[in-house]
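Quick note: numbers below take in every heavy atom, side chains included, and nothing from hydrogens, waters or symmetry partners.
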Amino acid sequence: MKKCLILVCLLFSVPAFAAEYSPKFISSLKNCTSYSTTETSNVLGMQIYTSRQIMGWSNGKCIYKEIKGPVNNKYTFNCRFTQPQLNSLVRSALQSSTGKTSVSTDLTEGSASTSGDDDVWNEYMSNLNICTQIAPTGRTFTQEKPYYIEYPKK
């Protein structure tokens, strides 16, 4: 149980350690156009795998998938971002990449302000109304009660 808690805390703090977003990722995120990247980083001596995929628009929401965690224990986040949420994420990614606390962009109105770190990313990724979370055990967390659905392992 203690290992699981440490892993979950680490997963949500990984962006704070390695929040560098490429200009191509930011541009693709801003326009919600197809993009995919995979990387492995070393965080506190642990190899962390991160895969980000922007799949485009569906029913007025930007479809985004992120898989992250230690190589043998990855979590999957399937997200559906509205335009204002997307604007906040782009602003946060720009701020994290430039190190500035305010970044001028040509985004549409209605996006939340960000503090320049990954708080917005963490807030949205942990919000079950925005992102469905699939744990390495196969358990899927959603906004609907009972909050998770147990799937048998294959």
Check your understanding: Between the side chains of Asn87 and Gln83, is a donor N or O closer than 3.5 angstrom to an acceptor N or O?
Key -> yes
Point to revise | Main-chain N/O of Asn122 paired to Ser126 side chain as donor or acceptor, under 3.5 Å | key: yes
Review point. Nearest 0.5 Å, what's the CD1-OG1 distance between Ile48 and Thr40?
Key: 9.5 Å
**Study point:** Nearest heavy-atom neighbours spanning Val120 and Ser88
**Key:** CG1-CB, 3.9 Å
Point to revise | Heavy-atom donor-acceptor pair, Asn31 side chain to Thr33 backbone, under 3.5 Å | key: no
Point to revise | ring pair (Phe, Tyr, Trp, His ring centres under 6.0 Å) contacts touching residues 32-74 (sequence neighbours left out) | key: Phe25-Tyr35, Tyr64-Phe81, Tyr64-Trp121
**Study point:** Closest approach of Ser51 to Thr38 (non-hydrogen atoms, all atoms of both residues)
**Key:** OG-OG1, 3.7 Å
Point to revise | Cys131 side chain near Asn78 side chain, heavy-atom distance below 4.5 Å | key: no
Point to revise | Test item: Cys62 and Gln85 side chains (from C-beta on) under 4.5 Å apart, heavy atoms | key: no
Check your understanding: Do the side chains of Asn59 and Arg80 get nearer than 4.5 Å, heavy atoms only?
Key -> yes
Practice item. Output, in order, the C-alpha distance, side-chain angles, deciding distance and verdict of side-chain contact (heavy atoms from CB on, under 4.5 Å) for Glu66 and Met125. Key: CA-CA 9 Å; Glu66 185 167 315; Met125 298 289 273; 3.7 Å; yes
Exercise for review: Please test Leu89 against Tyr124 for side-chain contact (heavy atoms from CB on, under 4.5 Å), starting from the C-alpha separation and ending with a verdict.
Suggested key: CA-CA 9 Å; Leu89 291 170; Tyr124 290 164; 3.6 Å; yes
**Study point:** Euclidean distance, Leu29 CG relative to Ser92 OG, rounded to 0.5 Å
**Key:** 10.0 Å
**Study point:** Remaining members of the apolar cluster that contains Ile63, side-chain heavy atoms under 4.5 Å
**Key:** Met55
Point to revise | Side chains of Ile67 and Thr50 in contact at under 4.5 Å (non-hydrogen atoms) | key: no
Point to revise | Side chain proximity check, Cys32 to Leu86, heavy atoms < 4.5 angstrom | key: yes
